[in-house]
Amino acid sequence: MRDVALGELERAVMAQLWAAPAPLTVREVHDRLDRELAYTTVMTVLGRLAKKGVVRQERDGKAYRYTAASTREQLAASLMLDALGDVGEDRTAALVAFVDQVGPEEAAALRAALQAAPPRPSAMPEVPQPRTDGEQSGPES
């Protein structure tokens, strides 16, 4: 789910889908929004969200029903990762700047999550170690 930046109307539509106990039709989303919008506008927004992979679209007779493809928290994490990808090679500086801007409770939550997370494999390719038995190492052997 790359490049998933959401506009204000898309966020409002997603809020309705996250709050719903079951998939919604375009009409149901339209009726739940607290604003004057054309039905076709809501239909267009849901179609765009489906193309972005943010919502799932399932056929129900002649209509479609829509549901969020991920939780609000998962989408936020995806957006944060997208933003980190946009800073180039200095992701560490961006992470440090982010941590400097969060409050003490959020920083504590980040520390706890990092301590509880299982170790991840390194993104660095493994460097072949020289063999001590005189044999060649690497793809040829």
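Counting only distance, with no hydrogens or angles, the side chain of Glu28 and the backbone of Thr25 share a donor-acceptor pair below 3.5 Å. Formation of a donor-acceptor pair under 3.5 Å by the Trp18 side chain with backbone atoms of Ser70 is found in this model. Side-chain atoms of Arg56 come within 3.5 Å of backbone N or O of Ala69 as a donor-acceptor pair. Looking only at distances, no side-chain donor or acceptor of Arg65 sits under 3.5 Å from a matching main-chain atom of Glu58. Remark: the backbone N or O of Thr71 is paired with a side-chain donor or acceptor of Gln74 at under 3.5 angstrom. Side chain of Arg91 to backbone of Ala94: no donor-acceptor contact under 3.5 angstrom is found.
Leu49 and Leu37 fall within the same hydrophobic cluster, where Ile, Leu, Val, Met, Phe, Trp and Tyr residues are linked whenever their side-chain heavy atoms come under 4.5 Å apart, directly or through other members. Under the 4.5 Å side-chain heavy-atom criterion for grouping Ile, Leu, Val, Met, Phe, Trp and Tyr, Tyr39 is connected to Val42 within one hydrophobic cluster.
By the 4.5 Å heavy-atom criterion applied to side chains, Leu84 and Leu95 are counted as neighbours. Between Met14 and Arg72 there is no side-chain heavy-atom pair separated by less than 4.5 Å. You'll find the side chain of Leu9 reaches within 4.5 Å of the side chain of Arg35, heavy atoms only. The side-chain heavy atoms of Glu10 and Val54, taken from C-beta on, include no pair separated by under 4.5 Å.
For the atom pair OG1 (Thr92) and CG (Asp90), the distance works out to 6.5 Å, reported to the nearest 0.5 Å. The CZ atom of Arg11 lies 10.5 Å from the CG atom of Leu75; values are rounded to the nearest 0.5 Å. Taking CG of Leu24 as the reference point, atom CG of Asp60 lies at 11.5 Å (rounded to 0.5 Å).
Under 3.5 Å, the side chains of Tyr66 and Gln57 contain a donor-acceptor pair of N or O atoms.
A side chain to side chain contact (heavy atoms under 4.5 Å, CB included) with Val29 is found for one member of Leu46, Val55, Val45 and no other, namely Leu46.
For Met80, the side chain to side chain contact (heavy atoms under 4.5 Å, CB included) partners two or more places apart in sequence, or in a different chain, are Phe98.
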Which atom pairs, one a donor and one an acceptor, fall under 3.5 Å between side chains of residues 100-107 and the rest of the protein, sequence neighbours left out?
residue : atom : partner : partner atom : Å
Glu106  : OE1  : Gly103  : N            : 2.8

